[in-house]
Visitor: 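I have a structure I would like to understand better, so I am pasting it below and will then ask my questions one at a time.
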Amino acid sequence: QVQLVESGGGLVQPGGSLRLSCAASGIIFTYYNMNWYRQAPGKQGELVAGITSGDSTNYADSVKGRFTISRDNAANTVYLQMNSLTPADTADYYCQATRYGVEYWGKGTLVTVSS
């Protein structure tokens, strides 16, 4: 019933941009904090960006100034605008919806930054 579906991943050259989307269904979207995580092969997952139900945002130091998280509550969708991409941004990106005692995850979308 609950579903988070990421989209927008793909291959992009260094310096390029990409916008990821995560469409949620089966939850009261406005009640949830939304996060983007990423994980590269053989490395630990990390929180990239988050946005609360009250629209406060936070970012990993590695992406500050380059990435922007936003949400469209009417569309039940959270976005991650990624600019000035580097090979270090290559990873599987996962969308998370979380509220008190509950969390849901999408299946992920692959972002590859390479020339």
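No hydrogens, no waters, no symmetry mates; every other heavy atom, side chains included, goes into these values. Throughout, residue positions are numbered sequentially from 1 according to the sequence presented.
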Visitor: Can you see which heavy atom on V78 is nearest to which on C95, and at what distance?
Guide: CG1-SG, 3.8 Å
Visitor: Looking at CG of L80 and CG of N35, how far apart are the two atoms once the value is rounded to the nearest 0.5 Å?
Guide: 11.0 Å
Visitor: Donor-acceptor pair, Q81 side chain versus T68 backbone, under 3.5 Å?
Guide: no
Visitor: About how many Å separate CG of N58 and OG1 of T52, when rounded to the nearest 0.5 Å?
Guide: 8.5 Å
Visitor: Can you name the nearest heavy-atom pair linking S21 to T77, along with the distance?
Guide: CB-CG2, 4.3 Å
Visitor: If you look at every heavy atom in R38 and Y93, which pair is closest and at what distance?
Guide: NH1-OH, 2.9 Å
Visitor: Supply the atom-to-atom distance M34 CE to N73 CG, rounded to the nearest 0.5 angstrom.
Guide: 10.0 Å
Visitor: Working to the nearest 0.5 Å, report the span between CE of M82 and CZ of R19.
Guide: 11.0 Å
Visitor: Given the rule that I, L, V, M, F, W and Y join up when any side-chain heavy atoms are under 4.5 Å apart, are Y94 and W36 in one cluster?
Guide: no
Visitor: Tell me whether R99 forms a cation-pi arrangement with Y32, defined as NZ or CZ under 6.0 Å from the six-membered ring centre and within 45 degrees of its axis.
Guide: yes
Visitor: Which heavy-atom pair separates Y59 from I69 by the least distance, and what is that distance?
Guide: OH-N, 2.9 Å
Visitor: Under a single-linkage definition using a 4.5 Å side-chain heavy-atom cutoff for Ile, Leu, Val, Met, Phe, Trp and Tyr, are L20 and L47 assigned to the same hydrophobic cluster?
Guide: no
Visitor: Could you verify whether a donor N or O on one side chain and an acceptor N or O on the other, from S17 and N83, lie under 3.5 Å apart?
Guide: yes
Visitor: As an exercise, state the distance from NZ of K43 to OG1 of T90, rounded to the nearest 0.5 Å.
Guide: 9.5 Å
Visitor: In terms of hydrophobic clustering (I, L, V, M, F, W, Y; side-chain heavy atoms under 4.5 Å; direct or indirect links), are I51 and I28 co-clustered?
Guide: yes
Visitor: Under 3.5 Å, which donor-acceptor pairs do the side chains of residues 103-115 form with other protein atoms, sequence neighbours left out?
Guide:
{"residue": "E103", "atom": "OE2", "partner": "W105", "partner atom": "NE1", "Å": "2.8"}
{"residue": "T109", "atom": "OG1", "partner": "G9", "partner atom": "N", "Å": "3.2"}

Visitor: Using atom types as modelled and distance alone, determine if a side-chain donor or acceptor of R71 lies under 3.5 Å from a backbone N or O of N33.
Guide: no
Visitor: Testing the basics here: between L85 and R66, what is the closest heavy-atom pair and its distance to 0.1 Å?
Guide: CA-NH1, 3.9 Å
Visitor: Grab the two heavy atoms, one from A97 and one from L4, that are nearest each other, plus how far apart they are.
Guide: N-CD1, 3.7 Å
